[in-house]
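One structure is given here, and the rest of the page talks about it.
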There are 2 protein chains.
Amino acid sequence: MSIKTVSRALNDAPHVSTDARERVRAAAAKLDYHPNIAAQSLIARRSYLIGLTYERPSPSYVVELQNGALARLEDSRFRLVVLPFRDVANRPTELGRLLVRAGLDGVVLAPPACDQDDLLEMLDRQKLPYARITPHREMARGIVATIDEVAAGHAIAAHLLSIGHRRIGIIMGDPSHAACAARMEGYRRAFAEAGAAIDDHLIVTGDFTYDVGYAVAADLLRRAPQPTAILAQNDDMAVAAMAAVRDRGMAVPADVSVAGFDDSEVSRTAWPQLTTVRQPVSELAWDATDRLIAALETERDGSSKYAASPAPRGDHAHELFVRSSTAPPR
Amino acid sequence: MSIKTVSRALNDAPHVSTDARERVRAAAAKLDYHPNIAAQSLIARRSYLIGLTYERPSPSYVVELQNGALARLEDSRFRLVVLPFRDVANRPTELGRLLVRAGLDGVVLAPPACDQDDLLEMLDRQKLPYARITPHREMARGIVATIDEVAAGHAIAAHLLSIGHRRIGIIMGDPSHAACAARMEGYRRAFAEAGAAIDDHLIVTGDFTYDVGYAVAADLLRRAPQPTAILAQNDDMAVAAMAAVRDRGMAVPADVSVAGFDDSEVSRTAWPQLTTVRQPVSELAWDATDRLIAALETERDGSSKYAASPAPRGDHAHELFVRSSTAPPR
DNA sequence: GCAACGACGGTAAACGTTGTCATAAGCAGG
DNA sequence: CCTGCTTATGACAACGTTTACCGTCGTTGC
């Protein structure tokens, strides 16, 4: 049996009888032979590596992101390389270089990297395909999986307004994430529809982390008139806000209601459980990875000239979860 | 200039003048040329990929693990591939095959994979180097980074006993993790030193997750006499226990004290903050990765015959954090 | 009996880098 | 001038696959 026949058999290529294929399979298993991936990569000009980048998000966000991507990669020959970034905003080219040097076939960009023009520019130049998760600018660029964050922000704010809150404190996320503005825009629309106005005095800025969230929430609670509800732009800061409320001797939701954003795991392990709006991070990551791989496949199948048809934009639905951290003001 | 000179220049090899090296560097930067990693891998018989495996742990544990490994890999040419497992205990060989087929240079095994004899056996056979994080069996096998979990278990139990608790409920983790028995042994010793005995009636078994932790904690609280304190084998289950206590209308720590294990992020974002014992997961992962890479380097440097000196066992210290979730019984 | 086709062997080339080898130029010290 | 060292050069093999081309054999259909 020639070496090519073996190669064909293991790669499900035609021109091999099922009998021969079986024998090859059996022999490979017995000798536990595995084709050398480096050699395959060399000839296929494919590393079979997909990168996943993110920057200092909450643990549950990272894990959901990874799980989504990994779920898609399971049973494929692609492997997932994690590449956390620090400070994408200030050194996009350095990080672009890192991505290119990692020898990836493609990369999934979570916020805020997905909105860094310089980075995208560099990836385009290097012909490194990318998929973007919940970007907020240049929505037509590359593969995009997203939710309508304006609508999601609207949903959560509308909930607080509908149960009677008007003095609502807002904890913004890291301003370098374009998502912040989108969520805020959703809040604004909900206020407008309710015939209310946002009190700029009750807006503070965090960075999506618990610690900073706690500090700015405590600051917020010292202001007069005190808000009857707090709207945080992610769950970690919302949980921090609950702690700040209680540390001032008040109760959630009796004295102050708190709502978050993301429906991350912490929203369910918090007590009381957090009212929040779900961002289907796992599905988004799955979808982004799926379309990225699809793009790689068609690219390889030669028809690269007209395969660059605009990928359908992946819109996913948000979902409001009203739990125990919100109640009407007294 | 010949191609080898370029190769030498980029790899900091000798026999190249500094002048030539500079010119090569400059040209490479201008053309943004990057050596093909697949070709390098092929000839070096090195993929420059390190795997990290874990199984369904809490998000903060995963993230700490990854951060530790990634911190070590930064500025090295190695990249991190994540390979979460499901149900290692029941299909070790299948997962071993997955590791081998991923073409890794080495793999970091977190619990419970680090204690699967069949898996280790297979990795030995395939000559795939591995580092184990907090294993509990065959401690001499492979590279090991660990803490003394018996001592850590002792520390946290001794704290509860020292402030006066005697009726202490215990929430065990997933029995397939050997760590459970070690932590339990630490508890036992602390009880013995305090002249107390563990009430087997107050032991329940979870699986390290919040949901199951909540269920068994609720079960525990229905037993009479009710425990005055709960000792959970990780922080997620401890947080679940706090929720169960409050859902029965009682307060933490006024009515029931709760202590955890790990000092994971959730212990600090919980309210009240959790008394726990720190397991330095990041450092453990850093250390494991570091020694794994060191082993790979010496292996490559030819002297593989006598380089197999027993790596020093990496023992790290635990640390007790007494926070607000524990208080003397009333 | 002949053409078409599928299965398979042989041989060689290709992927992009590094290692080996022989060799030469430039420069110092004897 | 010879010797030894450093720097650089070209030719070539090697890593382990896949692919391309060419050819043989047996089977099937007409």
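Chain naming here is simple, since letters A, B, ... match the order of the sequence lines and numbering starts at 1 in each.
- Ion pairing between B:Glu74 and A:Arg86 holds under the 4.0 Å rule for side-chain N and carboxylate O.
- Comment: A:Asp87 does not engage A:Arg56 in a salt bridge, judged by the lack of any side-chain N to carboxylate O separation of less than 4.0 angstrom.
- Between B:Arg72 and the options B:Asp287, B:Asp290, B:Thr289, B:Asn67, a side chain to side chain donor-acceptor pair (under 3.5 Å) holds for only B:Asp290.
- With values rounded to the nearest 0.5 angstrom, B:Leu73 atom CG is found 4.5 Å from B:Ile293 atom CD1.
- Considering only side-chain N and O atoms, B:Asn11 lies under 4.0 angstrom from the phosphate OP1 or OP2 of C:dT18.
- We find that CD of A:Gln40 is positioned 13 Å from C1' of D:dT19, with the value rounded to whole Å.
- Using modelled atom types, one finds no donor on one side chain facing an acceptor on the other under 3.5 Å when comparing B:Glu121 with B:Gln116.
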Restricting to nitrogen or oxygen on both sides, can you table the protein-nucleotides 4-8 of chain C pairs closer than 3.5 Å?
| unit_1 | atom_1 | unit_2 | atom_2 | d |
| --- | --- | --- | --- | --- |
| C:dC8 | OP1 | A:Ser17 | OG | 3.1 |
| C:dC8 | OP2 | A:Ser17 | N | 2.8 |
| C:dC8 | OP2 | A:Ser17 | OG | 3.4 |

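- Taking only side-chain nitrogens and oxygens, A:Ser7 never comes nearer than 4.0 Å to OP1 or OP2 of D:dT17.
- For the residue pair B:Gln40 / B:Arg77, a side-chain donor-acceptor distance below 3.5 Å is found, with atom types taken as modelled.
- Spacing between atom CD1 of B:Ile43 and atom C1' of D:dC15 amounts to 6 Å, rounded to whole angstrom units.
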Starting at the 5' end of DNA chain C, write a dot or bracket for each base, bracketing those in Watson-Crick or G-U wobble pairs whose two distances are under 3.5 Å and using | for partners on another strand. ||||||||||||||||||||||||||||||

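- Rounded to whole Å, the distance from CD1 on B:Ile37 to P on C:dG16 is 14 Å.
- Which of C:dT18, D:dT17, C:dT17 sits closest to the side chain of B:Tyr33 comes down to C:dT17.
- Between B:Leu83 and B:Tyr54 the shortest side-chain heavy-atom distance does not fall below 4.5 Å.
- Straight-line distance from the CZ atom of A:Arg77 to the C1' atom of D:dT17: 11 Å, rounded to whole Å.
- The distance between atom CZ of B:Arg46 and atom C1' of C:dG19, rounded to the nearest whole Å, is 17 Å.
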Report, one line per pair, each donor and acceptor closer than 3.5 Å where one atom sits in a side chain of residues 99-108 of chain A; sequence neighbours left out.
| unit_1 | atom_1 | unit_2 | atom_2 | d |
| --- | --- | --- | --- | --- |
| A:Asp105 | OD1 | A:Ser47 | N | 2.8 |
| A:Asp105 | OD1 | A:Ser47 | OG | 3.1 |
| A:Asp105 | OD2 | A:Ser47 | N | 3.1 |
| A:Asp105 | OD2 | A:Tyr48 | N | 2.7 |

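- Rounding to whole angstrom units, CG of residue A:Leu42 and C1' of D:dT19 are separated by 13 Å.
- Rounded to an integer number of Å, the gap from B:Arg45 CZ to D:dA14 C1' is 9 Å.
- Counting to the nearest Å, the C1' atom of D:dC15 and the OH atom of B:Tyr48 are 13 Å from each other.
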Please lay out, stage by stage, how A:Asp32 and B:Arg97 fare under the test salt bridge (charged side-chain N to carboxylate O under 4.0 Å, His left out). CA-CA 9 Å; A:Asp32 43 45; B:Arg97 194 152 25 228; over 6 Å; no

